[in-house]
Structures are given as structure tokens and as C-alpha cells.
2 protein chains.
Amino acid sequence: MARPKEFDVEEALDRAMELFRRQGFEGTSMNELQEAMGIGRQSLYDTFGDKKQLFLRSLDRYTARGRETMAAPLFAPDASLPELRRYFEEIVEFLTPRDGNGGCLLAGAIVELGADHPEVASCCRTNQRSLREAIRKALKRAQVDGMIRKEIDCESISLVLMGKLYGMTLLARNGASRAQLRKSVKQLLDMFTS
Amino acid sequence: MARPKEFDVEEALDRAMELFRRQGFEGTSMNELQEAMGIGRQSLYDTFGDKKQLFLRSLDRYTARGRETMAAPLFAPDASLPELRRYFEEIVEFLTPRDGNGGCLLAGAIVELGADHPEVASCCRTNQRSLREAIRKALKRAQVDGMIRKEIDCESISLVLMGKLYGMTLLARNGASRAQLRKSVKQLLDMFTS
DNA sequence: GGAGTTATGGACCGATCGGTCAAGTTAGGA
DNA sequence: TCCTAACTTGACCGATCGGTCCATAACTCC
């Protein structure tokens with residue numbers, strides 16, 4: 001081994017992730033990334049490969065981060081309806097920040113690259129699958145405990161809720177307020193709770 | 001007046017719209033547009049202005065087209081629950097074409113340009129407002145006729161349904177099948193019908 | 001204290017970007 | 001008929017794109 005890196009790889013990746021989240025893939029240039037990450041051109045390419053690889057790593061980090069923070073309680077083995085409600089509440093808050101720079105890297109990735117970048121598409125689908133599964137389990141658990149009506153099909157409702165999450169990212173980007181989103185979440189969730 | 005155009009403006013716009021829908025704003029170059037539209041460079045700029053103006057006109061056309069075709073029955077003065085169901089069914093079909101080139105120009109516009117292009121954002125919001133209003137009226141009418149439970153708040157459910165539409169564009173882009181989307185629509189709509 | 005390895009900074013690459021210029025062509029109106 | 005306004009064509013513009021090369025610096029190991 002020789003000369004150590006002068007920058008923090010994880011931190012640089014966070015900066016890239018944030019820029020991609022706000023501006024999208026095509027909308028962000030390597031020059032902007034380099035500047036935002038605070039590293040030199042060559043260090044960028046040596047460490048992260050080309051732009052697509054950097055985006056993919058940012059996306060991976062983004063989804064992992066989401067699972068570890070906001071979604072963590074939902075992924076807990078005993079997660080139920082309260083955890084689900086709390087998760088949706090956190091998503092609403094995340095999508096409507098004070099500075100107005102809402103926007104979801106995952107949604108951007110699906111729209112912008114989902115059709116022609118297999119690895120990105122794969123990452124997005126994997127994330128959707130695991131999240132949906134966590135939602136389904138939480139719903140089922142809540143149903144067993146009598147918090148959700150018996151006739152509800154948790155499997156298909158989990159897809160409805162995934163769509164709800166995606167839908168909110170666009171509603172938020174299109175001007176919906178935190179209060180509006182919060183209310184729409186409550187309306188939907190109350191609909192199948194008993 | 002002098003020499004007439006050799007190409008059909010509306011048709012050229014359709015081509016541009018289709019390309020933007022599939023590839024997004026940043027993902028589509030003027031060279032590609034020129035080729036797809038089948039016109040010369042200068043004709044393009046003379047007729048449509050710069051890229052942003054061309055995109056805006058494409059977006060306008062896209063939303064207008066949607067209102068005139070799929071959404072037309074929903075906008076009818078006597079639209080009710082059947083029209084609403086039918087509209088969602090048509091959207092599902094639109095989002096899951098045989099060739100796999102699903103994708104919604106409106107969703108792309110919101111994600112890619114909603115944050116930093118006021119005119120595009122304005123167009124997206126106007127479209128959302130009018131569509132949501134049509135949904136709300138149809139819901140209300142269905143409620144008066146006893147097809148929807150009395151305790152339902154049509155105003156806020158209309159936002160839930162707008163979110164559902166947006167959500168489906170991402171679900172479709174992320175691999176959801178026509179059958180899955182259809183089922184999720186049924187699940188949601190059945191939830192507040194009596 | 002070399003020797004070998006990795007990181008850094010900046011110049012540089014061809015390609016492509018959105019957009020324009022100018023010369024030539026085709027029509028309508030006087 | 002001929003003038004002129006509008007359309008077409010293709011070369012061309014500077015800027016920026018993603019990506020690479022190379023000389024130099026900084027570190028570890030022998």
C-alpha cells in the first residue's frame with residue numbers, strides 16, 4: 001500500500017448522492033459532481049469509475065440509507081400498523097423539506113434510467129420488492145392482531161401502498177403540501193383499518 | 001405570406017412528444033428530435049423556438065391529448081363512478097404497452113424539470129388541478145347516487161386518486177404488469193364504493 | 001533511504017451539446 | 001413579372017460533455 005486518500009469516500013459519495021437526487025442523472029455533470037464532492041477529477045474516476053457506476057453506487061447508498069433509517073422500524077420482525085403509519089409519516093416529511101428541494105433519487109432513477117439501464121432498473125426493483133415485502137408483513141401482522149379488516153388482501157394492498165409511496169414523490173414535486181400528503185396518507189390507511 | 005412549410009407542424013410535434021416521453025428532456029438531443037421530426041435544423045428552431053419551448057409545447061399537447069381522449073368521458077358533465085373506473089383502466093393500458101416503452105411525459109416533466117422550470121411546473125400543476133377536479137366531481141356524483149359510501153370525503157380522496165395515477169406511472173416503469181396495476185386499481189376503488 | 005505504489009492536480013482529448021449564420025429555393029402579392 | 005417574405009439546407013459556432021494522460025507528490029515496505 002502507498003499514499004492514502006485525502007478525502008472520505010463515504011462522505012464524497014453522500015455529496016454525489018445528494019446532487020443526483022436534486023438534479024437527476026443527465027442533469028448533473030461530472031464537473032458539478034467533482035466540485036460538490038470536493039475531490040479532483042482523477043480521484044473521482046479512480047475511486048468511483050465512470051458516471052453510471054457513480055450513479056449506481058449513489059443509488060445503492062440511497063436505498064440502503066433509507067432502509068437503515070426511515071424504514072428500519074418497518075423492517076423489524078414485529079413491525080405492525082403503527083410502524084407502517086410512522087414510516088409513511090417520515091416519507092411525507094422527507095418529501096416536503098423546508099428548503100423545497102424535495103425529490104427522490106429512486107423515483108428519478110426509475111423515470112430517467114429505468115427503461116435503458118439494466119443495473120439501475122434491477123436496483124430499483126430489488127428495493128421495491130424488499131420494501132413491499134416489509135409492508136406486506138406489517139399489514140399481515142396488523143391483520144392478525146385485528147387492526148386491519150379480515151377481508152383485506154395484504155399481498156395486493158402492499159402494491160397499492162408501494163404505488164402510494166411513488167405517487168407521493170410526484171405529488172410532492174408537483175407542489176403538494178406536507179399537510180395534503182399527510183391527510184391523503186391518513187385517508188388511505190384508515191380505509192382498511194378496522 | 002410566402003413559401004409554405006413542407007411539413008405538418010402538428011405531426012412533427014407528435015414525433016417530438018413521443019421522443020420526449022420515452023427519453024425525457026435531458027435524454028433527448030436536438031439532433032435526435034430533428035431526425036425524428038423529419039425536418040431541418042433551422043425549420044425546427046424557426047417553428048418551435050429552442051428546446052425548452054419545444055418541450056413545453058410537447059407537454060401541452062400531451063396533456064391536451066390526454067384530456068381529449070382517455071379522460072374525455074371523465075370530463076363529461078354527467079361522469080360518475082363507471083367513467084372513473086374506465087379512465088383508470090385506460091391509464092393502466094396506456095402505461096403498459098406491448099412494446100414495453102411505457103412512460104409518461106408528465107411524470108418525466110415533474111421529476112426532471114418540476115423543480116427548476118416554472119413554465120413546465122405550471123403546466124403540470126394546471127393539469128393536475130383540472131384532472132383532480134374532474135375526479136372529485138365524478139366521485140361526488142357517484143356518492144349522491146349512492147355508489148360511494150356517505151362518509152367518504154371526495155375532496156381528499158381525489159388527491160389520493162391523483163397520487164394513484166402518478167404512482168402507477170412509476171410502478172409501470174419499474175416493471176409492474178398490466179394485471180398487477182389493474183388489480184391494484186380495483187382494490188383501491190372498491191375500498192370506498194358501497 | 002531508495003523502490004515501488006497509489007493519489008493528486010491540471011492540462012487535454014474527441015465528441016456532442018444547443019443554437020446560429022448564410023446562401024439558395026419556393027412561393028404569394030403587386 | 002419580379003420583388004419579397006418565408007422555408008430549407010448544411011456548414012458552422014463556442015461551450016460543455018464524459019473521460020484520459022501525465023507529471024508530481026506522498027505514502028509503505030524492504
Side-chain angles (χ1 to χ4, degrees), chain A residues 1-59 105 108-109 112-113 115-120, chain B residues 1-59 105 108-109 112-113 115-120:
Chain A
M1 289 308 107
R3 184 175 174 185
K5 287 187 195 300
E6 292 180 2
F7 63 95
D8 185 305
V9 173
E10 306 287 301
E11 189 177 320
L13 200 51
D14 277 344
R15 304 280 181 83
M17 188 180 78
E18 179 61 12
L19 210 55
F20 275 136
R21 183 186 69 78
R22 287 208 304 264
Q23 308 182 351
F25 179 79
E26 301 282 0
T28 305
S29 73
M30 291 303 275
N31 281 328
E32 288 176 294
L33 285 163
Q34 168 187 349
E35 194 171 349
M37 297 165 84
I39 65 180
R41 192 77 159 183
Q42 195 60 39
S43 299
L44 203 171
Y45 278 91
D46 281 348
T47 310
F48 301 103
D50 64 13
K51 194 184 181 185
K52 282 185 179 173
Q53 291 178 59
L54 176 58
F55 184 84
L56 196 55
R57 283 194 60 173
S58 299
L59 184 59
L105 180 58
E112 215 172 352
L113 302 171
D116 49 32
H117 193 313
E119 292 188 273
V120 168
Chain B
M1 287 302 110
R3 183 175 174 184
K5 287 188 196 301
E6 292 180 1
F7 63 96
D8 185 309
V9 174
E10 305 289 301
E11 190 178 318
L13 200 51
D14 276 344
R15 305 278 180 83
M17 188 180 78
E18 180 60 13
L19 210 56
F20 275 136
R21 183 185 69 78
R22 287 207 303 264
Q23 308 184 354
F25 179 79
E26 301 282 1
T28 306
S29 74
M30 291 303 276
N31 282 328
E32 287 177 295
L33 286 164
Q34 170 188 348
E35 194 171 348
M37 297 165 85
I39 65 179
R41 191 79 159 181
Q42 196 59 38
S43 300
L44 202 171
Y45 277 93
D46 282 348
T47 310
F48 301 103
D50 65 12
K51 192 183 182 186
K52 282 186 179 173
Q53 291 179 59
L54 176 58
F55 184 85
L56 197 55
R57 283 194 60 173
S58 299
L59 184 59
L105 180 58
E112 215 172 351
L113 301 170
D116 50 30
H117 193 313
E119 292 187 271
V120 168

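Just so it is clear, the values below take in all heavy atoms, side chains as well, and ignore hydrogens, waters and symmetry mates. Note on naming: letters A, B, ... go to the chains in the order of the sequence lines (proteins, then strands), and numbering restarts at 1 for each one.
OP1 or OP2 of D:dC17 sits under 4.0 Å from a side-chain N or O of A:S29. The phosphate of C:dA7 (OP1 or OP2) has no side-chain N or O of A:S43 nearer than 4.0 angstrom.
Counting only distance, with no hydrogens or angles, the side chain of A:E26 and the backbone of B:E26 share no donor-acceptor pair below 3.5 Å. When atom types are taken as modelled, the side chain of A:K52 and the backbone of A:V120 share no donor-acceptor pair closer than 3.5 angstrom.
B:L44 places its CG atom 15 Å from the P atom of D:dG10, with the value rounded to the nearest Å. When the P atom of C:dC17 is taken as reference, atom NZ of A:K51 falls 13 Å away, rounded to whole Å. Distance A:F48 CZ to D:dG19 C1': 16 Å, rounded to the nearest Å. We find that CG of B:L33 is positioned 12 Å from C1' of C:dC17, with the value rounded to whole Å. A:F7 has its CZ atom 15 Å from the P atom of C:dT6, to the nearest Å. Across the protein-nucleic acid pair, B:E35 atom CD and C:dT16 atom P stand 13 Å apart, rounded to whole Å. Look at CG on B:D46: it is 12 Å from C1' on C:dC21, rounded to the nearest Å. When rounded to the nearest whole Å, the span between CE of B:M30 and P of D:dT16 equals 18 Å.
The existence of a salt bridge linking A:R21 and A:E18 is confirmed by a sub-4.0 Å separation between a basic side-chain nitrogen and an acidic carboxylate oxygen.
The residue among A:N31 and B:T47 whose nearest nucleotide of DNA chain D is located toward the 5' end is B:T47.
Contact between A:V9 and A:R57 at its shortest, heavy atoms only, is CG1-NH2, 4.2 Å. Nearest heavy-atom pair, B:S58 versus B:L13, reported as atom, atom and distance to 0.1 Å: OG-CD1, 4.0 Å.
The CG atom of B:L59 lies 10.0 Å from the CE atom of B:M17; values are rounded to the nearest 0.5 Å.
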Pairs: protein N or O with nucleotides 20-22 of chain D N or O, under 3.5 Å:
unit_1 : atom_1 : unit_2 : atom_2 : d
D:dC21 : N4     : A:Q42  : OE1    : 2.0

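Within 6.0 Å of CD in B:Q53 there are more than 12 heavy atoms belonging to other residues, nucleotides or ligands.
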